[in-house]
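Protein chains get the first letters and strands the later ones, always in sequence-line order, with residue 1 at the start of each. Heavy-atom basis, side chains included; hydrogens, waters and symmetry copies ignored.
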Number of protein chains: 2
Amino acid sequence: MSLKHGLLGLLKYGDMTGYDLDKAFKSSLRPAWNVQTSQIYRELGTMEEKEWLSSRIEIQEGKPNRKYYHITQEGEKELKLWLLEDHVKEELYLRHPFFLQLFFAGENTDEENVKMIQILKERCHSEITNIETMYRDAEEYRNIVKDENRTKYWQLANMLGKSYYQNFINWADEAIEFLNKKEGE
Amino acid sequence: MSLKHGLLGLLKYGDMTGYDLDKAFKSSLRPAWNVQTSQIYRELGTMEEKEWLSSRIEIQEGKPNRKYYHITQEGEKELKLWLLEDHVKEELYLRHPFFLQLFFAGENTDEENVKMIQILKERCHSEITNIETMYRDAEEYRNIVKDENRTKYWQLANMLGKSYYQNFINWADEAIEFLNKKEGE
DNA sequence: TGGGTCATGTAACCTGTTACATGATTAG
DNA sequence: CTAATCATGTAACAGGTTACATGACCCA
């Protein structure tokens, strides 16, 4: 999607290594998507070529060296522009194989589909739990950062993430009821 | 995502050309995502190589010839398996740049962000209108198909699509209220 | 006379995914 | 003793995006 800009955003909090960024991304932007570690390293490479980032290597003993990335002025400019762009235009799709599966679910039996919808529900419940844990873990950062402007939007992102999964759960309940009623007819 | 399986599903309704599939996809699976026409042709090519499809060419006068694709037994088997797989596992992410944007929205002013959220709302309203039109247009198919098992799931997909966008709208209202309240403090 | 529909694609590029590789240290 | 953590990547492939090309017909 826009991994590059996600990384730029995280690097505004401070210099980090690819490893740190991987963890930071996975623990804060998880509702967005699951990034591949290898992709992060690749993107960091091309971002450095574009001069959005600079880097320095810290030598460690016993452990592998750490390569710290730092956001440049170019990078900050790029991030600022991206944050003001309208990304809502064409990219609001419900991009899940599950939706296709549902559309063609008439090819399966109702029992098979109910089972699938139940799995969806469970999965969404556990995602909500993850988000709540994530958010509680972030409390400490909020105490350190004390930048209300930032934390305000973390809260909004948190609300959006949770309601997104809650919506699947609500739909799943309605769907199961609907299928049972049809069954009884 | 799984364009190949989406195309297989559509071809179960009857033989179609790439052009037809493009239109069918865009008018029924639109809440899922917007496929590139060129990608459909490419995928059809590889699907034919895999022998999930066979094709025949119908010569037309004045207009370009039409290349009809037909789902093979191999293709049907593949679709059946795919429809029973668990696609909910790792792929339920809210995969939108908007989420990243929101997470880092503290870099913008509140006014800029409220404007952005309002654009989101409008866009979601128009998506819901699109889905409703789409669904009404599909009524005729439902009368022809008369396969209640299929149409039942079209209805569920329709419900999911609408609630997905409605959820953004509800969130947007809360978010705007939240930002205004914070502003007043 | 210009734009839309019909109908097919190719080429290049960018992004995402999967698999693999290394090698030391630390905790259960 | 085994698994996890620390920390870096490369290679190959699959899937998505953008730009371009062709050419006739139809409608305002």
Check the side chains of Asp20(A) and Thr17(A) for a donor-acceptor pair under 3.5 angstrom, ignoring hydrogens and angles.
yes
Taking only side-chain N and O atoms of Gln39(B), does any of them lie within less than 4.0 angstrom of OP1 or OP2 on dG15(D)?
no
Selected nucleotide, minimal atom distance to Arg66(A) side chain, candidates dG9(D), dT17(D), dA7(D):
dA7(D)
For Tyr93(A) and dG15(D), give me the distance from atom OH to atom P, rounded to whole Å.
21 Å
Does Lys23(A) put a side-chain nitrogen or oxygen below 4.0 Å from OP1 or OP2 of dC6(D)?
yes
Spacing between Asp20(B) atom CG and dT5(C) atom C1', to the nearest angstrom:
13 Å
NA contact type, Gly18(B), heavy-atom cut-off 4.0 Å: base, sugar-phosphate, or nothing?
sugar-phosphate
Going by distance alone, is a donor N or O of one side chain under 3.5 Å from an acceptor N or O of the other, for Asp15(B) and Tyr69(B)?
no
With DNA chain C as reference, determine whether Ser38(A) or Lys4(A) sits nearer its 5' end, using the nearest nucleotide of each.
Lys4(A)
Are Trp82(A) and Phe104(B) near enough that their ring centres are under 6.0 Å apart?
no
Report the residue (Lys63(B) or Gln36(A)) whose heavy-atom-nearest nucleotide on DNA chain C is the more 5′ of the two.
Lys63(B)
Under 4.5 Å between side-chain heavy atoms, hopping through other hydrophobics if needed: is there a path connecting Leu44(B) to Tyr68(B)?
no
Side chain of Arg95(A): nearest nucleotide among dG9(D), dT17(D), dT8(C)?
dT17(D)
